[in-house]
Amino acid sequence: MFPTPIEKRSKGTQIAYQTMVPVALILWLLPLIAVASFSVRPLADFTNGNYWGMPSTFEFLTNYGRVFYDSDMPRYMLNSVLITVPTVIGAVALSCMTGFALGIYRFKGNLLIFFMFIAGNFVPFQILMVPVRDLTVSVGLYDTKLGLIMFHIAFQTGFCTLFMRNFIRALPFELIEAARVEGVAEWRIFWFVVLPLMRPAIAALSVLIFTFIWNDYFWAIVLTQGPDAQPVTAGITSFNSQYVAQYHLMSAGSIVAAVPPVVMFFMMQKHFIAGLTLGAVK
């Protein structure tokens with residue numbers, strides 16, 4: 001019924017597997033490797049057709065220096081930080097509280113409210129483009145970082161609540177009952193008993209939401225315009241327009257935009273994996 005583990009397959013199959021995995025990994029990473037290689041080449045390599053050979057000169061400092069000093073890329077990066085960090089904090093904080101309420105308390109309408117959170121995840125976000133844009137314009141939040149933050153928090157809270165509610169339901173309920181017997185207030189139970197146990201889930205969810213928001217392009221171009229509020233995903237379009245056909249600078253800018261979520265994942269990798277696998281094995 002289940003696939004046979006590779007360790008129990010024939011020696012030839014194991015060798016073929018060990019050979020194909022690095023090949024598949026290289027093919028998967030090939031576009032990123034190409035962009036990284038292009039980002040340290042001079043413009044002359046592109047005009048001479050030297051795309052895959054050794055760079056004629058290494059222009060790492062020159063190319064990345066122009067990205068940071070001759071364009072609005074630092075402002076776009078700062079905008080992304082100012083949008084992503086508050087969104088992660090807001091969405092995770094709200095989902096911790098709603099997950100606690102829906103996972104611990106039994107009341108009429110509990111499942112209905114939970115299903116409403118889930119239902120929001122199944123709404124195609126493209127159909128929300130016009131009403132959400134009109135709403136931000138009417139309340140004066142169009143082309144502002146605050147408008148983008150509030151929308152992302154509202155849109156991500158449904159998924160975060162689903163994640164947190166299911167995580168909290170897997171915690172030992174006896175801990176909460178014991179705290180109640182001791183006369184501990186409900187908010188203290190949440191803060192001192194449940195929240196410390198949620199750290200792996202909070203770390204995993206924070207990495208996921210950070211990646212979602214940082215890499216968002218659709219809402220960045222729908223709700224913002226110009227360098228004052230645009231995050232780096234939308235700003236990279238303006239950056240590419242500024243350096244048309246200068247592929248070495250466009251590649252360097254793309255690498256700069258992609259580095260923060262990668263760094264975030266590796267910093268939180270241990271907690272991320274623990275949060276995703278916690279409760280998978282009894």
Side-chain angles (χ1 to χ4, degrees), residues 1-42 45-46 49-61 63-64 67 77 80 84 88 92 121-122 125 156 159-160 162-164 166-167 170 198-218 220 231-233 236 240 247-282:
M1 182 175 180
F2 296 101
T4 304
I6 190 65
E7 294 83 0
K8 297 182 179 180
R9 305 293 287 270
S10 65
K11 191 67 175 178
T13 303
Q14 294 184 29
I15 294 175
Y17 174 81
Q18 295 170 358
T19 303
M20 291 304 298
V21 167
V23 174
L25 182 61
I26 292 173
L27 290 175
W28 182 60
L29 293 175
L30 189 59
L32 182 60
I33 295 172
V35 172
S37 173
F38 292 167
S39 70
V40 298
R41 293 176 179 272
D45 279 5
F46 296 94
N50 180 22
Y51 303 123
W52 300 105
M54 285 293 294
S56 56
T57 58
F58 285 93
E59 303 290 341
F60 176 84
L61 294 179
N63 293 346
Y64 283 89
V67 168
M77 294 285 290
S80 285
T84 304
V88 172
V92 172
N121 296 318
F122 293 97
F125 58 85
Q156 296 295 333
F159 168 75
C160 295
L162 170 65
F163 189 97
M164 285 299 184
N166 292 336
F167 183 88
M198 294 169 61
R199 288 177 182 173
I202 291 173
L205 192 59
S206 298
V207 174
L208 285 175
I209 299 303
F210 185 94
T211 304
F212 293 161
I213 304 304
W214 186 277
N215 292 333
D216 172 70
Y217 177 74
F218 181 82
V232 69
T233 47
I236 198 71
N240 292 342
Y247 301 107
H248 58 312
L249 299 182
M250 294 164 60
S251 298
S254 300
I255 291 293
V256 169
V259 164
V262 175
V263 173
M264 176 72 173
F265 172 78
F266 281 106
M267 287 176 58
M268 305 292 288
Q269 182 179 13
K270 177 180 177 181
H271 302 287
F272 176 74
I273 296 174
L276 291 182
T277 58
L278 196 63
V281 180
K282 290 287 185 181

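Across every non-hydrogen atom of Phe210 and Pro261, the tightest pair is CE2-CA, 3.8 Å. In terms of heavy-atom proximity, Arg41 sits nearest to His248 at O-CB, 3.3 Å. Nearest approach of Met77 to Pro260, heavy atoms of both residues: CE-CG, 3.8 Å. Nearest heavy-atom pair across Val67 and Gly253 is CG2-N, 3.9 Å. Counting all heavy atoms, side chain and backbone alike, Asn50 lies closest to Pro55 at ND2-CA, 4.4 Å. Scanning all heavy atoms of the two residues, the minimum distance from Pro31 to Leu27 falls at CD-O, 3.8 Å.
Within the 4.5 Å cutoff, no side-chain heavy atoms of Val35 are placed close to those of Met250.
To the nearest 0.5 Å, atoms CG (Leu205) and SG (Cys160) are separated by 4.0 Å. To the nearest 0.5 angstrom, Thr84 atom OG1 is 11.0 Å from Ile209 atom CD1. The distance from the OG1 atom of Thr13 to the CD atom of Gln18 is 11.0 Å, given to the nearest 0.5 Å. In this structure, OG on Ser254 lies 10.5 Å from CG on Leu249, to the nearest 0.5 angstrom. A distance of 9.0 Å separates CD1 of Ile26 from CG of Leu30, quoted to the nearest 0.5 Å. Going from atom CE of Met54 over to atom CG of Asp45 covers 10.5 Å, rounded to the nearest 0.5 Å.
A distance of 6.0 Å or more separates the ring centres of Phe167 and Phe163.
Checked by atom type and distance alone, the side chain of Thr19 pairs as donor or acceptor with a backbone atom of Ile15 at under 3.5 Å. Between the side chain of Ser39 and the backbone N or O of Ala36 there is at least one donor-acceptor pair closer than 3.5 Å. The backbone N or O of Thr233 sits nowhere less than 3.5 Å from a side-chain atom of Trp214 that would complete a donor-acceptor pair.
Just one residue in the list Asp216, Val232, Ile213 forms a side-chain contact (heavy atoms from CB on, under 4.5 Å) with Ser80, and that residue is Val232.
Surrounding CZ of Phe218 are more than 12 heavy atoms belonging to other residues, nucleotides or ligands, all under 6.0 Å away.
Between Phe60 and Tyr64, the ring-plane angle classifies as tilted under the 30° and 60° cut-offs. A tilted orientation is assigned to the rings of Tyr247 and Phe46, their planes being inclined by 30° to 60°.
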